Amino acid sequence: MSESTEPSMFAAVREAIVAVAPDIEPEEVELDTDLIDDLDLDSMDLLNIVAAIHAATGIDIPEREQAGLETVGSVVDFLRGSAT
Amino acid sequence: MTDTTAPDAVQEFRLPSLGSDMDSGTVLRWHVDVGDVVHRGDVLLDVDTEKSEIEVEIWHDGVVAALLVEPGTEVPVGTALALLDPLRGDERAAPSAAAAAPVGPPAQPTPPPAPAPPSPPAVQTDPARAADGELTITPRTVWWPTSPRDTPPEHSAPSPAATPARRATGERSSRRRNAIADLMSRANSEIPHYHLWRDVDFSRAADWLATQNEHRSSAERILPAALIIAAVGRAAARHRELDGHWLDGGFVPAAEPAVGVAIHLRSGGLVAPAIADAHTRSVADLMAALRDLVDRARAGRLRSTEVTSATLTVTNLGDQGTDAVLGVIHPPQVALVGVGRIAMRPVVVDDDVVARPMVTITLAADHRATDGHTGARFLKTLDQLLQNPEEI
């Protein structure tokens with residue numbers, strides 16, 4: 001993709017989260033939502049979400065980066081940074 | 001080739017007990033029709049239990065002669081669900097009519113390989129039960145794993161904790177809670193637990209994982225859990241007194257480890273299905289199997305052999321920040337391995353204080369089956385395996 005906008009990256013992240021954990025309502029996913037504390041995602045969920053984001057956007061978050069991403073917003077910021 | 005043990009009459013396929021204190025199940029859907037050839041390991045039907053939906057496998061060959069229960073019907077454990085004729089010689093090679101591996105979830109870019117169903121542990125069968133010619137889906141030993149009954153339902157008295165009325169009127173989640181409550185109550189009242197912990201230096205394992213994952217896309221990345229399961233399987237194979245079941249007042253060792261993995265269900269509740277061959281498969285292979293297992297556990301597509309065959313269990317609670325797990329064993333198993341969070345801690349190495357990724361691994365064990373000395377050696381073996389991940 002030639003241009004990434006925050007709304008579309010956010011949508012991709014939210015879609016990945018809801019696909020991996022269907023019990024999560026899309027409305028629950030906001031930029032400041034904590035992946036572990038608020039959404040109760042475990043390490044397997046997070047890995048599956050990263051894989052889903054990779055499939056949707058072509059951006060594969062490296063393992064060493066993954067640990068530092070605690071909120072939805074931090075994932076979105078990383079993706080925006082990688083896309084530009 | 002003639003199978004001299006093959007029954008020569010129509011056999012009943014009965015609803016097995018598939019979990020803790022399971023009294024009944026609801027037939028959801030049949031995977032076979034009358035006239036279909038079935039082989040051991042084939043899924044015959046899906047059953048809704050108090051805890052989840054289970055794919056019920058058959059452990060004998062045969063030809064479906066009749067389906068006795070309609071979908072939507074709730075029946076007690078032990079009810080005859082189907083009748084099967086024995087296979088004739090020309091049918092033995094016929095392909096199974098029942099579906100083979102479950103379809104993977106669409107969200108994953110790379111579907112994981114379908115795991116082979118774990119074989120039931122080959123412990124000696126009870127000659128008295130074998131003599132009555134009853135066709136159960138697996139040898140007698142499969143009745144164990146999380147059921148408070150150590151024997152098939154028709155031979156046992158109801159558990160004192162069972163309250164059928166409560167179960168009949170409760171919602172699914174409260175029934176699931178009740179099932180767990182009954183199992184854990186039984187564990188606490190019957191099993192004299194001892195608990196040991198060991199702080200394990202995870203730096204070599206972490207480095208090995210990082211190296212493995214550098215060249216892997218996220219769809220194939222390996223989690224620490226897979227490495228730990230591989231190590232637990234191998235340690236269990238070396239310390240067989242911790243791998244098996246306490247039945248009828250004695251310990252019955254498993255022929256080989258079937259490591260149960262505790263999986264939290266997002267809808268609430270816990271299942272601990274067994275992952276096959278954790279003591280021999282590679283870490284990468286176990287990771288694929290673990291992904292598939294977690295997906296199917298959450299989707300309610302576990303197989304009956306998976307939920308009934310674990311010979312010891314691992315529970316990993318590090319993701320939510322727990323440092324150490326003081327576990328409760330799942331009867332009739334005799335051991336539970338607990339894994340806390342992997343985190344940097346100050347440790348002494350060669351007289352210096354350094355920061356290392358550490359993890360506290362615990363063992364809860366049944367003091368009827370083993371003493372602390374055995375548990376301590378098991379944890380030492382586990383630690384040594386994790387110090388040499390490249391050799392796993």
Side-chain angles (χ1 to χ4, degrees), chain A residues 1 9 11-29 33-72 74-79 81-83, chain B residues 104-112 173 206-207 209-229 261-269 287-300 315-322 339 341-344 357:
Chain A
M1 56 182 74
M9 283 301 183
V13 173
R14 184 176 53 191
E15 275 172 33
I17 290 172
V18 171
V20 167
D23 57 295
I24 295 174
E25 300 289 340
E27 305 77 63
E28 291 176 62
V29 180
T33 304
D34 190 290
L35 297 165
I36 297 176
D37 292 342
D38 294 332
L39 298 178
D40 198 17
L41 298 165
D42 65 19
S43 54
M44 181 72 81
D45 294 326
L46 293 170
L47 191 55
N48 285 333
I49 287 166
V50 168
I53 290 171
H54 182 203
T57 66
I59 302 168
D60 204 11
I61 303 172
E63 189 181 44
R64 64 185 172 281
E65 300 289 343
Q66 200 184 321
L69 303 177
E70 294 183 353
T71 61
V72 173
S74 61
V75 177
V76 174
D77 287 342
F78 180 86
L79 295 173
S82 294
Chain B
Q108 288 194 336
T110 312
S173 58
D207 288 344
L209 285 165
T211 306
Q212 291 291 314
N213 287 334
E214 244 171 48
H215 309 294
R216 291 170 178 269
S217 71
S218 50
E220 280 156 1
R221 235 167 257 171
I222 301 174
L223 288 174
L227 175 62
I228 290 168
I229 289 167
V261 180
I263 296 171
H264 165 69
L265 299 176
R266 294 192 62 89
S267 52
M287 181 65 200
L290 182 64
R291 291 184 98 129
D292 175 72
L293 197 68
V294 171
D295 285 338
R296 287 189 293 112
R298 299 250 173 96
T315 183
N316 189 330
L317 291 166
D319 287 342
Q320 287 296 339
T322 296
V339 183
R341 69 181 178 128
I342 301 162
M344 299 299 283

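Not measured: the values here are computed from a predicted model. Below, read A as the first sequence line, B as the second, and so on, with proteins coming before strands; counting in each chain starts at 1. Worth knowing before you read on, the calculation uses all heavy atoms, side chains too, and leaves out hydrogens, waters and symmetry mates.
Between the side chains of A:Ser43 and B:Asp319, at least one donor-acceptor pair of N or O atoms lies under 3.5 Å.
Proximity to chain B (any heavy atom under 4.5 Å) is shown, for A:Leu41, by both the backbone and the side chain. For A:Asp42, the parts lying under 4.5 angstrom from a heavy atom of chain B are both the backbone and the side chain. Proximity to chain B (any heavy atom under 4.5 Å) is restricted, for A:Pro62, to the backbone atoms N, CA, C and O. Residue A:Asp45 touches chain B through its side chain alone, counting heavy-atom pairs closer than 4.5 Å. Neither the backbone nor the side chain of A:Ile49 comes within less than 4.5 Å of any heavy atom of chain B. Contact of B:Leu290 with chain A is made through backbone and side chain together, with heavy-atom distances under 4.5 Å. Heavy atoms of B:Ile222 lying under 4.5 Å from chain A belong exclusively to its backbone.
Taking every heavy atom of both residues into account, B:Arg291 and A:Ala51 meet most closely at NH2-CB, 4.2 Å.
Put simply, CD on A:Glu63 and CD on B:Glu214 are 9.0 Å apart, with the number rounded to the nearest 0.5 Å. The CG atom of B:Asn213 lies 11.5 Å from the CZ atom of A:Arg64; values are rounded to the nearest 0.5 Å.
Of the listed residues (A:Ile36, A:Leu47, A:Asp23, A:Val50), the greatest number of heavy-atom pairs within a distance under 4.5 Å of chain B belongs to A:Leu47.
At least one donor-acceptor pair under 3.5 Å links the side chain of A:Asp60 to the backbone N or O of B:Ser218.
Put simply, the side chain of A:Leu69 does not reach to within 4.5 Å of the side chain of A:Leu46, judged on heavy atoms.
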